[in-house]
Amino acid sequence: MSPRPQHAPLDQFAVVDDELIVGDTPIRRLAEQVGQTPFYAYDREAITRRVRALRQALPEGISLHYAMKANPMPAVVDHLASLMDGLDVASAGELSVAMDSGMAPADISFAGPGKRDEELAAAIAAGITINLESAGELHRVNVQGERLGITPQVAVRVNPDFELKSSGMKMAGGAKPFGIDAEMVPGTLAGIGSLGLHFRGFHIFSGSQNLRPESLIEAQSATFELAYRLADKAPAPVELLNIGGGFGIPYFPGEQRLDLGPVSANLDDRLNECRSRLPGAEVVLELGRYLVAEAGVYVTRVVDRKESRGQTFLVCDGGLHHHLAASGNFGQVIRKNYPVVTGHRVHGAPRETVSVVGPLCTPLDLLADKMDLGAAQAGDLIAVLQSGAYGYTASPHLFLSHPAPVEVLV
Ligand SMILES: *Cc1c(COP(=O)(O)O)cnc(C)c1O
């Protein structure tokens, strides 16, 4: 029997002389360049490679959008704006970064519950597409459009009557704060028509972090069927069909990369069918973590090394307050270790079993629980991989008043 894998695949960064290389730079040198630990580093080339591979794998004619909430660092968004067909934002703050990137407003859409009137007004003024999440939001969009004298561009976000099975996070099916229940959508479409808003199409997002092709295929096929049914009730032809994304990445021991082959083959069939069912509709896949998560690393320095009743702890200058997800407290049911390595001793000896913890006074502040790592002393660097998404902006920086990490795109 082969030993239990310690890690998700660890092949996205080069390792030279057993040291992790990010952005063509050995991690210790990069730490000097950045000037402080902890920091997040995102590898520009790794992002480019991922988008290229994705385009190669997927059928021609599918549009690719970046869901910015995965990593809204302006430099990352600018880079992705040059590679992608559109950006999906979830707040006026993200909208502002998206507009700065130079992406055309027609290729930016805004989803998310609880959009405030100021955010709706900003979106209407910018000319981007607003994905309606409720009947109340349709009403408020119309009020803002009339106040501004601008016709709002709207799509209907549908809460489908199915869900993406085996997903990391369930975001559709059943009662949800996201989207308008499929059975209520005909009423919304009639409202859009009678108010004279510009109808752009549908947004149907059924789940996230999925590694199973058969689940994605099932959800995508159901998504197209639902869109065809709803399009019959639409006040205008569908220009835009956002079928969601949900492509996952391997985080934990035993997880394998998503096999895009079958997903792509099914998409090819669905696209061909869509060309006759919804002529002229642009079909969009919106992806977040799949584009950026594996291109990012969180780097923290060992401050103290201590033994306690037979266990070794590496106490670091970063932790849960910078990287909530790696601590296991961002929606995980059972805590598992992210891939963690000693920066200058990735694969080699000497090795030891240690727990990597942060400086917070809570047992939740755990980055690696009894992992086999290259031996590290105070002053050495520890790197948490798969950290390019839902890291920096998805963590409670203020908790315990430690300094914030910095972010670099290298
Ligand atoms: C968060 C979100 C995404 C991105 O999800 P990933 O798992 O990062 O790909 C895409 N679409 C919507 C509507 C979202 O809320």
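Heavy atoms only: backbone and side chains are in, while hydrogens, waters and symmetry mates are out. Numbering starts at 1 and runs along the sequence shown. For ligands, and for the atoms within them, numbers begin at 1 and follow the listed sequence.
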Verify the neighbour count for atom CG of D269: are there more than 12 heavy atoms of other residues, nucleotides or ligands below 6.0 Å? yes
Which option, F205, Y66, F178, owns the non-hydrogen atom nearest atom 10 (C) of ligand 1? F205
Please identify which atoms of ligand 1 are closer than 4.0 Å to at least one heavy atom of [X].
X    : result
K69  : 1 (C), 2 (C), 3 (C), 14 (C), 15 (O)
S208 : 5 (O), 6 (P), 7 (O)
Y390 : 1 (C), 4 (C), 5 (O), 6 (P), 8 (O)
H203 : 13 (C)

Hey, what do you get for CD1 (I62) to CZ (R270), rounding to the nearest 0.5 Å? 12.0 Å
Working to the nearest 0.5 Å, report the span between CZ of R157 and CZ of F202. 14.5 Å
Name the orientation class of the two ring planes belonging to H397 and H322 (parallel below 30°, tilted from 30 to 60°, perpendicular beyond 60°). perpendicular
Run the ring-centre check on F205 versus F178 and record whether the distance is less than 6.0 Å. no
Within the 6.0 Å centroid threshold, strictly below: F252 and Y338: yes
Using heavy atoms and a threshold below 4.0 Å, how should the contact between A67 and ligand 1 be classified: side chain, backbone, both, or neither? side chain
Ignoring angles and geometry beyond distance, decide whether E286 reaches within less than 3.5 Å of ligand 1 through its nitrogen or oxygen atoms. yes
